Asker: 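Right, I'll just put the structure down here and ask away after.
Position 1 is the first residue of the sequence; numbering continues from there. Since the structure is predicted, the reported quantities are computational estimates derived from the model, not experimental observations.
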Amino acid sequence: MSRPIEGIIPVMLTPFDEDNRIDYGGLERLIEWYLAQGADALFAVAQSSEMQFLSLEERAALGRFVVQRVAGRVPVVVSGHVSDDPHGQVQELTAAADTGADAVVLVSNHLDPHAKGTETFLGNLKWLLEKLPKDVPLGLYECPAPYRRLLSDAELSACLDTGRFALLKDVSCHLPTVQRRVKMAEGSTLAVVNANAAIAYDAMKSGSRGFTGVFTNFHPDLYKWLRVSGAQYPELAEEVNNFLVIAAVSESMGYPALAKLYHQRLGTFKSMRCRAVTYDIREKFWALDEVLDKIMAGTQAMRQKIAALPKAA
């Protein structure tokens with residue numbers, strides 16, 4: 001394995017222009033924003049990237065662009081695993097590997113698309129692993145779409161036994177499950193990284209090696225501070241954590257269009273156009289702008305409190 005893939009790992013947005021094409025200028029500015037906010041790695045061509053609404057050519061081009069612009073500053077993992085057809089999966093995951101990414105991420109539900117169980121999952125996994133490049137590290141993602149398929153302990157153990165997996169994006173949203181998986185992965189190459197904001201800090205304190213939830217698109221630096229420095233300042237860590245949990249409740253208000261509106265406000269890119277969310281989020285969610293006002297103000301207030309902490313001698 002190359003560098004470990006852990007820490008604060010933003011699930012990347014895909015900016016579009018008003019003609020519904022990928023806005024590569026906006027994407028470049030977004031990459032630099034993630035890195036300036038302390039991202040330890042980037043997850044490109046994920047559900048937050050609207051991968052289910054991108055063509056294979058767009059997914060491949062998007063992954064290549066991110067890898068090239070990051071230029072080795074942090075690890076980049078790429079998915080784009082959206083097909084239920086095994087041969088289609090080989091095509092799209094090979095395209096992901098060809099981007100030069102540090103790891104290619106497999107989506108758990110596509111290994112068992114009809115929820116038949118462990119035998120189907122492991123059979124499809126074995127077949128797929130034989131077809132993919134042997135020198136490319138792999139990741140696992142319990143993507144909620146089209147359905148959330150959590151790994152059983154037996155399935156995770158089988159993946160660990162291959163020695164090929166570098167990352168599990170855990171979507172159990174259940175702290176005891178995260179803790180059990182962390183223990184299972186001890187001594188292996190696999191980093192268990194939680195994706196749920198409500199348990200993010202507790203999961204990191206329990207050994208989850210970072211955070212890769214959707215609010216890495218709003219304030220990844222605050223999650224980074226919790227991971228690196230929270231233990232030194234327990235009272236402030238509790239305050240920051242409470243703010244992050246409450247802010248993340250707004251995910252239900254039209255994400256990822258919500259995050260695009262946020263970045264439109266920041267000036268990262270011009271359009272909040274979204275393929276996954278086609279309705280007007282301001283019309284559906286009343287006072288949405290006021291909610292974002294509070295999230296932005298709260299984010300700045302937490303940053304100011306962190307900045308005011310005494311500097312180490």
Asker: Can you name the nearest heavy-atom pair linking G80 to M51, along with the distance?
Answerer: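 Taking G80 first and M51 second, the nearest heavy atoms are N-SD, 3.5 Å.
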Asker: Ignoring hydrogens, what is the shortest heavy-atom contact between A60 and A95? Give both atom names and the distance.
Answerer: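 That would be CB-CB, 4.3 Å.
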Asker: Output yes when a side-chain donor or acceptor of S271 lies under 3.5 Å from a complementary backbone atom of E18, and no otherwise.
Answerer: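 No, because the side chain of S271 does not come within donor-acceptor range (under 3.5 Å) of the backbone of E18.
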Asker: Test: salt bridge (Lys or Arg N to Asp or Glu O under 4.0 Å). Region: residues 229-254. Which pairs qualify, not counting sequence neighbours?
Answerer: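 Of all non-adjacent pairs touching residues 229-254, those that pass salt bridge (Lys or Arg N to Asp or Glu O under 4.0 Å) are E239-K305.
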Asker: Got a sec, which residues hit side-chain hydrogen bond (donor to acceptor under 3.5 Å, both in side chains) with Y262, two or more places apart in sequence or on another chain?
Answerer: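 For Y262, no residue satisfies side-chain hydrogen bond (donor to acceptor under 3.5 Å, both in side chains) once neighbours in sequence are set aside.
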Asker: Do V245 and V249 share a hydrophobic cluster, counting only Ile, Leu, Val, Met, Phe, Trp and Tyr and linking them when any side-chain heavy atoms are less than 4.5 Å apart?
Answerer: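 V245 and V249: separate clusters.
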Asker: Would a single hydrophobic cluster contain both M272 and F53, if residues Ile, Leu, Val, Met, Phe, Trp and Tyr are joined by side-chain heavy-atom contacts under 4.5 Å?
Answerer: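 No, separate clusters.
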Asker: Could you tell me which residues satisfy ring pair (Phe, Tyr, Trp, His ring centres under 6.0 Å) with F121, sequence neighbours excluded, listed by chain and number?
Answerer: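 Not a single residue meets the ring pair (Phe, Tyr, Trp, His ring centres under 6.0 Å) criterion with F121.
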Asker: When you compare the side chain of R69 with that of L27, does any pair of heavy atoms fall below 4.5 Å?
Answerer: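 Side chain of L27 against side chain of R69, heavy atoms only: no contact under 4.5 Å found.
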Asker: Taking 4.0 angstrom as the limit, do D153 and R180 come out as a salt bridge?
Answerer: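 Looking at R180 together with D153, the answer is yes, because their closest N to O distance falls below 4.0 Å.
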Asker: Working to the nearest 0.5 Å, report the span between CE of M253 and CD1 of I281.
Answerer: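 Going from the CE atom of M253 to the CD1 atom of I281 covers 8.5 Å.
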Asker: Who are the side-chain hydrogen bond (donor to acceptor under 3.5 Å, both in side chains) partners of K260, not counting sequence neighbours?
Answerer: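 Once residues adjacent in sequence are excluded, the partners of K260 under the side-chain hydrogen bond (donor to acceptor under 3.5 Å, both in side chains) criterion are E50.
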Asker: State yes or no: do F211 and I246 share one hydrophobic cluster built from I, L, V, M, F, W and Y residues joined by side-chain heavy-atom distances below 4.5 Å, directly or via other members?
Answerer: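 No, F211 does not connect to I246 through the hydrophobic network.
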Asker: Can a donor-acceptor pair be found, under 3.5 Å and without considering hydrogens, that links the side chain of T94 to the backbone of Q91?
Answerer: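 No: the side chain of T94 does not pair with the backbone of Q91.
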Asker: Can you tell me how far the CG atom of L261 sits from the OH atom of Y255, to the nearest 0.5 Å?
Answerer: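 Answer for the CG-OH pair, L261 versus Y255, is 13.5 Å.
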Asker: Could you give the side-chain donor-acceptor pairs of residues 127-140 under 3.5 Å, partners two or more places apart or in another chain?
Answerer:
unit_1, atom_1, unit_2, atom_2, d
K134, NZ, E130, O, 3.1

Asker: Write out all pairs satisfying salt bridge (Lys or Arg N to Asp or Glu O under 4.0 Å) with one or both partners inside residues 217-226, taking only residues at least two apart or from two chains.
Answerer: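 Counting only pairs at least two positions apart or across chains, the salt bridge (Lys or Arg N to Asp or Glu O under 4.0 Å) contacts touching residues 217-226 are D40-K224, D221-R303.
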Asker: Could you check whether any side-chain N or O of H81 sits under 3.5 Å from a backbone N or O of V107, counting only pairs where one atom can act as donor and the other as acceptor?
Answerer: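 Checking the backbone N and O of V107 against the side chain of H81, a donor-acceptor pair under 3.5 Å is found.
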Asker: Evaluate H110 against E92 for side chain to side chain contact (heavy atoms under 4.5 Å, CB included), listing each step before the verdict.
Answerer: CA-CA 12 Å; H110 293 301; E92 60 200 11; 5.9 Å; no
Asker: Checking R148 side chain against S172 main chain: does a donor-acceptor pair fall under 3.5 Å?
Answerer: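 Side chain of R148 to backbone of S172: a pair is present.
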Asker: To the closest 0.5 Å, what do you measure between CG (L151) and CG (D170)?
Answerer: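 Going from CG on L151 over to CG on D170, the span is 8.5 Å.
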Asker: Using side chain to side chain contact (heavy atoms under 4.5 Å, CB included), reason through C143 and V171 one step at a time and then give a plain yes or no.
Answerer: CA-CA 7 Å; C143 181; V171 190; over 6 Å; no
Asker: For residues F215 and A247, report the shortest heavy-atom separation together with the two atoms involved.
Answerer: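 Closest pair (atom of F215, atom of A247, distance): CZ-O, 3.3 Å.
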Asker: Test side chain to side chain contact (heavy atoms under 4.5 Å, CB included) on Y223 and L244 and set out the steps.
Answerer: CA-CA 8 Å; Y223 290 103; L244 292 175; 3.7 Å; yes
Asker: To the closest 0.5 Å, what do you measure between CG (D102) and CD1 (I5)?
Answerer: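 Nearest 0.5 Å value for the CG-CD1 distance: 5.5 Å.
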Asker: So, using salt bridge (charged side-chain N to carboxylate O under 4.0 Å, His left out) as the criterion, who are the partners of D293 when residues are at least two apart?
Answerer: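 With neighbours one apart ignored, the set is R265.
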Asker: Using every non-hydrogen atom in the two residues, find where A158 and L122 come nearest and quote the distance to one decimal.
Answerer: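 The answer is CB-CD2, 3.7 Å.
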Asker: Taking atom NZ of K270 and atom CG of D23, what is their separation to the nearest 0.5 Å?
Answerer: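 Answer for the NZ-CG pair, K270 versus D23, is 8.5 Å.
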Asker: F285: which residues meet the ring pair (Phe, Tyr, Trp, His ring centres under 6.0 Å) condition with it, sequence neighbours left out?
Answerer: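 Listed in chain order: nothing, the list is empty.
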Asker: Side-chain polar contacts of residues 191-209 - donor-acceptor pairs under 3.5 angstrom, sequence neighbours left out - could you list them?
Answerer:
unit_1, atom_1, unit_2, atom_2, d
N194, OD1, N196, N, 3.0
N194, ND2, N196, O, 2.9
N196, OD1, A198, N, 3.1
N196, OD1, I199, N, 3.4
S206, OG, Q179, NE2, 3.0
S206, OG, D202, O, 2.9
S208, OG, V192, O, 3.1
S208, OG, N194, N, 3.0
S208, OG, G210, O, 3.4
R209, NE, E6, OE1, 2.7
R209, NH1, L190, O, 3.4
R209, NH2, E6, OE1, 2.7

Asker: Tell me, with the steps shown, if E142 and S108 meet side chain to side chain donor-acceptor pair (under 3.5 Å).
Answerer: CA-CA 5 Å; E142 296 170 320; S108 59; 5.5 Å; no
Asker: Hey, quick one: are L56 and V104 part of the same hydrophobic cluster, counting side-chain heavy atoms closer than 4.5 Å, chains of contacts allowed?
Answerer: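 No, no single cluster joins them.
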Asker: Hey, any chance M302 and L266 share a hydrophobic cluster, counting ILVMFWY side chains that come within less than 4.5 Å of each other, even indirectly?
Answerer: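 Cluster IDs for M302 and L266 match.
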Asker: Describe, in one word, how the ring planes of F65 and Y24 are oriented to each other, choosing from parallel (under 30°), tilted (30 to 60°) and perpendicular (over 60°).
Answerer: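 Tilted, since the angle between the ring planes falls between 30° and 60°.
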Asker: Out of Y34, F243, W33, which one pairs with H219 under the ring pair (Phe, Tyr, Trp, His ring centres under 6.0 Å) rule?
Answerer: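 With H219 as partner, Y34, F243, W33 yield a single ring pair (Phe, Tyr, Trp, His ring centres under 6.0 Å), made by F243.
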Asker: What's the spacing between Q300 CD and I295 CD1 if we round to 0.5 Å?
Answerer: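 Interatomic distance, Q300 CD to I295 CD1, rounded to 0.5 Å: 14.0 Å.
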Asker: Which pair of non-hydrogen atoms, one from P256 and one from S48, has the smallest distance, and what is that distance?
Answerer: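 What the structure gives for the nearest pair is CB-O, 4.1 Å.
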Asker: Could you walk me through whether I8 and W225 pass side chain to side chain contact (heavy atoms under 4.5 Å, CB included), step by step?
Answerer: CA-CA 10 Å; I8 306 308; W225 181 82; over 6 Å; no
Asker: Run the side-chain hydrogen bond (donor to acceptor under 3.5 Å, both in side chains) test against S83 and tell me which residues pass, sequence neighbours left out.
Answerer: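 Partners of S83 under the side-chain hydrogen bond (donor to acceptor under 3.5 Å, both in side chains) test: none.
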Asker: If I compare all heavy atoms of V74 with all of A39, which pair ends up nearest, and what's the gap?
Answerer: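 In this case the closest contact between V74 and A39 is CG1-O, 3.6 Å.
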Asker: Side chains of V45 and V66: closer than 4.5 Å at any heavy-atom pair?
Answerer: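 Heavy-atom side-chain distance check fails, nothing below 4.5 Å.
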Asker: Does anything in residues 106-116 form a salt bridge (Lys or Arg N to Asp or Glu O under 4.0 Å)? List the pairs, not counting sequence neighbours.
Answerer: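 Checked against salt bridge (Lys or Arg N to Asp or Glu O under 4.0 Å) - neighbours excluded - the pairs reaching residues 106-116 are D112-R149.
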Asker: Give the table of side-chain donor-acceptor pairs shorter than 3.5 Å for residues 10-17, with sequence neighbours excluded, one pair per line with atom names and distance.
Answerer:
unit_1, atom_1, unit_2, atom_2, d
T14, OG1, S49, O, 2.8
D17, OD1, D19, N, 2.8
D17, OD1, N20, N, 3.1
D17, OD1, R21, N, 3.0
D17, OD2, R21, NE, 3.3
D17, OD2, R21, NH2, 3.4

